[in-house]
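Each chain gets a letter, A, B and so on, in the order its sequence line appears, and its residues count up from 1.
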Amino acid sequence: MIEWDAATIKDFQTTLLDWFDQEGRDLPWRHDHEPYHVWVSEIMLQQTQVQTVIPYYQRFMKLFPTVADLAAAPESQLLKAWEGLGYYSRVRNMQRCAKQLLTDYDGQWPQTAAELTELIGIGPYTAGAIASIAFNEPVPAVDGNAYRVFSRLLKIDADIAKPQTRALFEHVISQIISHERPGDFNQAIMDLGSSYMTARQPDTAHSPVKRFNQAYLDGDELAYPVKTKKPRPKPVAYVAVLAKMQDRWLMTKRPSNGMLANLWTVPLIPIADLGLDDDYQPTDLVTAVETYFKREYQLQLTAQYLAGRPVIHTFTHQKWTIQGLGGQVMLSDLAYFAGQTFSLSERQRLPMPKVQEKIFAHYETD
DNA sequence: CACTCGTGGCA
DNA sequence: TTGCCAAGAGT
């Protein structure tokens, strides 16, 4: 790791901000510095690319123009607006934060990163982003871009996968950030990280800050940032039961904790929970699921094995293989079942994860 | 601290 | 097909 003197820091700030003034992106959430707008965009942008976020942001702002609108909305409506973005706890935490602002803060945003971190769903990165962009506090906003950009500029070889490495980057960037324009400085680093200083195919030769990029000057910029690998997704096998009761679809609302919390799917049963032999036949699966429905839900299901390849859906840490069953449920009460029945048009209004859309499309149900 | 929590794009 | 990456936070 190298260090910069005061003159180099000033030179870097000027070069970066001049470039940002000329080439910075015009994004929907950059039309003003309203903390609500900054907040919503930063939450959406967590682990999500800009081009994916733009249409979601525009729809979200029409539906929920203020913190109060967000706080008052039915959760199902929020989840529907978030449908397809992933990491659904983000939007549920946003509503908790909105209510927290109204009740504990009299509707007024705290203006420092230290206070913003106390709010639900706002961690060190988002606190720094809001504080610097909306309130002009000279604090770093350390995200993946900042890790990548500064690790290359200064040849920092600490493992960015380790939580303690954040403190090192916060310390370093705090010495370099512009105190006159901290929000623009942080956003310029992000624009740099998504244009010239990308992870795989950087274009440093044309970068406005290439003369500051020590890793590039040494010819080893792809060695940065240093990051340990994550384990690959664990395989999990499910049965999806696409069943109707009186021509209405049987859907279940997932638990309020864990994966895809509070989203709607058809009943998904881990095959491991069915107590089958390793070499079970399709008819064994059908019988086991019918038995499971009777025992767990008090529902009389008549199921059919759906031919063809199963649906494959990969999450960050799980790879699901999903075998479909069609079926019909006898008319009865749903007291022991965590769900309801819906017509097709009703079904389409439910907030559902992508994996559920994939299951319906795969088995061409209607 | 290590693990959990989605989805789309790309080589 | 696989692996990795993309404006992270909660537990």
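- At B/dT7, one or more side-chain N or O atoms of A/Tyr88 fall inside 4.0 Å of OP1 or OP2 (strictly under the cut-off).
- Using a 4.0 Å heavy-atom criterion, one finds that A/Trp29 contacts the bases of the nucleic acid, with or without backbone contacts as well.
- We find that CD of A/Gln95 is positioned 20 Å from P of C/dA9, with the value rounded to whole Å.
- Checking the phosphate oxygens (OP1, OP2) of B/dG8, a side-chain nitrogen or oxygen of A/Lys354 falls inside 4.0 Å.
- Distance A/Lys162 NZ to B/dC3 C1': 14 Å, rounded to the nearest Å.
- Side chain of A/Tyr125, nearest nucleotide from C/dG10, C/dA9, C/dC5: C/dA9.
- Counting any heavy atom pair closer than 4.0 Å across all strands shown, A/Ile43 reaches no nucleic acid atom.
- Atom-to-atom distance recorded for A/Arg92:CZ and A/Leu78:CG is 10.5 Å, nearest 0.5 angstrom.
- For the OP1/OP2 pair of B/dC5 and a distance below 4.0 Å, the side-chain nitrogens and oxygens of A/His317 include at least one atom meeting the criterion.
- When the nucleotides B/dG6, C/dA9, B/dC1 are ranked by their closest atom to the side chain of A/Arg166, C/dA9 comes out on top.
- In this structure, A/Pro233 and A/Thr48 both approach DNA chain C, and ranking their closest nucleotides by distance from the 5' end singles out A/Pro233.
- Here B/dC3 presents its P atom at 17 Å from CE of A/Met259, a figure rounded to the nearest Å.
- Among the heavy atoms of the strands lying under 4.0 Å from A/Val50 is at least one base atom, whether or not backbone atoms are also near.
- Considering only side-chain atoms of A/Pro353, the nucleotide from B/dA2, C/dG3, B/dT7 that sits closest is B/dT7.
- Atom CE in A/Met94 sits roughly 14 Å away from atom C1' in C/dG8 (whole-Å rounding).
- Remark: A/His313 is not in phosphate contact with B/dG6, judged by side-chain N or O atoms under 4.0 Å from OP1 or OP2.
- Hydrophobic clustering keeps A/Leu222 apart from A/Val149 (ILVMFWY residues linked when any side-chain heavy atoms are closer than 4.5 Å, directly or through intermediates).
- A/Ser89 comes within 4.0 angstrom of no nucleic acid atom, judged by non-hydrogen atoms across all strands.
- One finds a side-chain N or O of A/Lys319 lying less than 4.0 angstrom from the OP1 or OP2 phosphate oxygen of C/dT2.
- Judged by a 6.0 Å distance limit and a 45° cone about the ring axis, A/Arg347 is positioned over the six-membered ring of A/Phe360.
- In this model, the phosphate group of C/dA7 is not approached by any side-chain N or O of A/Ser41 to a distance below 4.0 Å at OP1 or OP2.
- Within the 4.0 angstrom heavy-atom criterion, only backbone atoms of the sugar-phosphate kind lie near A/Arg232; the bases stay farther away.
- Rounded to a whole Å, the CD1 atom of A/Ile160 is 8 Å from the P atom of C/dC5.
- Taking atom P on both C/dA6 and B/dC5, the two are 23 Å apart, rounded to the nearest angstrom.
- As rounded to the nearest Å, B/dC1 and C/dG10 have C1' atoms that lie 13 Å from one another.
- Taking the ring centre of A/Tyr56 as origin, the terminal cationic atom of A/Arg59 falls inside the region bounded by 6.0 Å and 45° from the ring axis.
- Between A/Phe169 and A/Tyr147, a ring centre-to-centre spacing shorter than 6.0 Å is recorded.
- Not a single donor-acceptor contact under 3.5 angstrom links the side-chain atoms of A/Arg90 to the base of B/dC5.
- Note on A/Pro231: nothing from the nucleic acid sits closer than 4.0 angstrom, heavy atoms only.
- Here A/Gly258 lies in heavy-atom contact (under 4.0 Å) with sugar-phosphate atoms only.
- Contacts of A/Arg254 with the nucleic acid, taken as non-hydrogen atoms under 4.0 Å apart, are absent.
- Taking atom CD of residue A/Gln46 and atom P of nucleotide C/dC5, one finds them 19 Å apart after rounding to whole Å.
- B/dG6 and C/dC4 have their C1' atoms separated by 15 Å, given to the nearest Å.
- Separating the CD atom of A/Gln201 from the C1' atom of C/dC4 is a distance of 13 Å, rounded to the nearest angstrom.
- Using a 4.0 Å cut-off, some side-chain N or O of A/Arg148 falls inside it from OP1 or OP2 of C/dA6.
- Atom CZ in A/Phe315 sits roughly 19 Å away from atom P in C/dC4 (whole-Å rounding).
- Nearest-nucleotide positions on DNA chain C for A/Arg200 and A/Asn145 put A/Arg200 closer to the 5' end.
- Comparing atom distances between the A/Gln49 side chain and each of B/dG6, C/dG10, C/dA6 picks out C/dA6 as nearest.
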field: Criterion salt bridge (Lys or Arg N to Asp or Glu O under 4.0 Å) on A/Lys155 and A/Asp220, from CA distance to verdict
entry: CA-CA 9 Å; A/Lys155 301 196 72 164; A/Asp220 61 349; 3.3 Å; yes
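- Remark: A/Leu350 CG to A/Phe342 CZ distance equals 4.5 Å, nearest 0.5 Å.
- In this structure, of C/dA7, B/dC1, C/dA9, it is B/dC1 that holds the atom nearest to the side chain of A/Gln164.
- Counting heavy atoms from C-beta on, the side chains of A/Tyr196 and A/Val209 never come closer than 4.5 Å.
- The side chain of A/Arg25 lies closest to C/dA7 when the candidates are B/dG6, C/dA7, C/dA6.
- Under 4.0 angstrom from either OP1 or OP2 of C/dA6 there lies no side-chain N or O belonging to A/Gln47.
- Listed nucleotides: C/dC4, C/dA7, C/dG10. Nearest to the side chain of A/Lys229: C/dC4.
- Taking atom P in both B/dG8 and C/dA9, the straight-line distance is 22 Å, to the nearest Å.
- If you check distances only, the side chain of A/Thr52 never reaches the base of B/dG9 with a donor-acceptor pair under 3.5 Å.
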